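For reference, the structure is listed below as C-alpha cells.
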Amino acid sequence: MIKILLAEGHTVVRNGIKSLLEKETDIAVIAEVGDAESVLKWLTENPAPDIVLTAINFPKMGGIELTAEIKQLYPAIKVLILSRIDEEKHILQTFKAGAMGYLLKSVHADELIFGLRQVANSNQRYLCNEIALKLLDKLLQLTPAHADGVELPTDISKREIEVLVLISQGFTNEEVAGKLFTSKRTIESHRQSLINKTGTRNTAALVRYAVLNQIIG
C-alpha cells in the first residue's frame, strides 16, 4: 500500500484528488492538509507516509522550501509536486530541492496514478508527459543527429515500439491502452520495460533516446 500525505490549499481540489486516489486499491490517503506548515507539523506527530503529494503555491512556506525541509528532516519520504506551473526554471528548482516527481494539475487521472506508483515502487524520478515532451522538443533543437554505429537494444518488441510511438505523441497510458485494445496496466508495464531496456530514467529520456537513435521517427 502506498501511503500518501496530501497537501493542497484549495478544499475542492484537495477533495477531488483524494476521491480519485481512494479508488485505487494500492493507494491510501492517510492524511490531508491545507498548507506547508501543517505538513511539517503532521510529520512530527505521525508515522511517515511514503509520499507527500503537494501543491507548490502556499501563503507562507512554498512547495520548494517544503520539499527541501522534508528531504532534510525525513530523507526516506518522497515528495511529488502537483502544480499549474510549467516553467523550466521552476521545475528544476523543485528537483534540486529533492522532489522525486513533478506533474501538472492538468494531467489525466491515470498519469497521476502512474507517477505515484513510479516514484513509490521504482525509486525513480517522474516528470509528466506534457512537460517531458516540451523539454524534448527543446532538446532536439540543440542535440546533433544520431551518429552511426550506436548499439541499440535488440530485444525491443514490435508491441513496445507501438507503445513508444504513441507515448511520443503525447497520449496517456489510458489512451494508449484504448488504441491498442489492451489494459492500462499492460501499457504501464510496457513503458517500464522500455525504460529498463534502454537504460533511461523517465519518459522524457526514453522518448529522446528513441528519437535520437531512430527507433521512432
Side-chain angles (χ1 to χ4, degrees), residues 1-132 134-135 188 201-205:
M1 183 67 69
I2 302 171
K3 299 184 292 295
I4 306 290
L5 170 56
L6 174 61
E8 165 59 53
H10 297 88
T11 303
V12 173
V13 176
R14 187 169 67 246
N15 289 342
I17 296 171
K18 180 182 178 183
S19 176
L20 171 69
L21 297 181
E22 288 184 336
K23 294 177 182 178
E24 303 299 315
T25 58
D26 60 336
I27 296 175
V29 178
I30 60 174
E32 51 179 304
V33 297
D35 55 62
E37 292 84 357
S38 296
V39 171
L40 296 176
K41 183 176 185 297
W42 192 93
L43 291 176
T44 64
E45 300 172 349
N46 298 277
D50 299 303
I51 293 176
V52 172
L53 176 61
T54 179
I56 208 158
N57 287 327
F58 293 114
K60 297 179 182 179
M61 178 186 291
I64 295 175
E65 184 180 354
L66 172 63
T67 299
E69 284 286 316
I70 291 174
K71 297 314 293 183
Q72 180 178 356
L73 298 172
Y74 311 96
I77 297 176
K78 298 165 182 175
V79 179
L80 196 151
I81 303 293
L82 189 60
S83 174
R84 291 188 176 89
I85 301 172
D86 65 353
E87 298 173 4
E88 295 173 25
K89 180 179 179 180
H90 198 83
I91 295 167
L92 183 60
Q93 288 175 340
T94 64
F95 280 110
K96 284 185 175 180
M100 287 293 290
Y102 196 105
L103 297 99
L104 296 178
K105 288 185 174 180
S106 58
V107 297
H108 290 273
D110 67 303
E111 185 172 8
L112 170 60
I113 293 165
F114 177 83
L116 287 169
R117 289 177 178 143
Q118 176 87 356
V119 168
N121 299 327
S122 68
N123 201 34
Q124 293 182 344
R125 295 184 182 91
Y126 186 80
L127 188 62
C128 72
N129 281 344
E130 184 176 339
I131 296 175
K134 178 182 176 181
L135 294 176
E188 292 174 0
R201 295 181 59 84
N202 52 41
T203 301

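All values derive from a computational prediction rather than experimental measurement.
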So CG of Leu66 and CD1 of Ile81: to nearest 0.5 Å the spacing works out to 7.5 Å
First locate atom CG of Leu103, then atom CG of Asp86, and finally report the distance between them rounded to the nearest 0.5 Å. 13.0 Å
Taking atom NZ as the centre, does Lys105 end up with more than 12 heavy-atom neighbours from other residues, nucleotides or ligands that are less than 6.0 angstrom away? yes
With a 3.5 Å distance limit and no angle check, can you tell me whether Lys18 reaches the backbone of Val13 through a side-chain donor-acceptor pair? no
Residue pair Gln72 / Pro75: nearest heavy atoms and the distance that separates them: O-CD, 4.1 Å
Pick one: which of Arg201, Glu111, Met100 meets side-chain contact (heavy atoms from CB on, under 4.5 Å) with Tyr126? Glu111
Using side chain to side chain donor-acceptor pair (under 3.5 Å) as the criterion, list what pairs up with Asn202, not counting sequence neighbours. none
With side chain to side chain contact (heavy atoms under 4.5 Å, CB included) as the test, would you mind laying out the steps for Leu73 and Thr44 before giving the verdict? CA-CA 10 Å; Leu73 298 172; Thr44 64; over 6 Å; no
Test item: Lys60 side-chain N/O and Glu37 main-chain N/O as donor-acceptor pair under 3.5 Å: no
Taking all non-hydrogen atoms of both residues, which atom of Ala7 and which atom of Val39 are closest, and how far apart? CB-CG2, 3.5 Å
Smallest separation among heavy atoms of Thr67 and Ala97, with atom names: CG2-O, 3.8 Å
Thr94 versus Val79: any side-chain heavy-atom pair under 4.5 Å? no
For Arg117, enumerate each residue passing the salt bridge (charged side-chain N to carboxylate O under 4.0 Å, His left out) test, keeping only those at least two apart in sequence or located in another chain. Glu24, Asp26, Glu188
Does a side-chain N-to-carboxylate-O contact under 4.0 Å join Glu45 and Lys41? yes
Exercise: identify the closest heavy-atom pair between Trp42 and Leu5: CE3-CD2, 3.8 Å
Enumerate, atom names and distances included, each donor-acceptor pair closer than 3.5 Å involving a side-chain atom of residues 47-57, sequence neighbours excluded.
| from | atom 1 | to | atom 2 | distance (Å) |
| --- | --- | --- | --- | --- |
| Asp50 | OD2 | Lys3 | N | 2.7 |

Distance from Leu20 atom CG to Asn15 atom CG, nearest 0.5 Å? 12.5 Å
Where do Tyr102 and His90 come nearest, in terms of heavy atoms and distance? OH-CD2, 3.8 Å
Verify side chain to side chain contact (heavy atoms under 4.5 Å, CB included) between Glu8 and Glu32, making sure each step is shown before the conclusion. CA-CA 8 Å; Glu8 165 59 53; Glu32 51 179 304; over 6 Å; no
Can you see which heavy atom on Leu127 is nearest to which on Phe95, and at what distance? CD1-CE1, 4.0 Å
Value for CG (Asn121) from CG (Leu116), rounded to nearest 0.5 Å, stands at 10.0 Å
At what distance, to the nearest 0.5 angstrom, does NE2 of His108 lie from CG of Asn129? 9.5 Å
Counting distance only, does the side-chain N/O of Ser19 pair as donor-acceptor with the main-chain N or O of Gly16 below 3.5 Å? no
Rounded distance (nearest 0.5 Å) linking atom CD1 of Ile91 with atom CD1 of Ile131: 3.5 Å
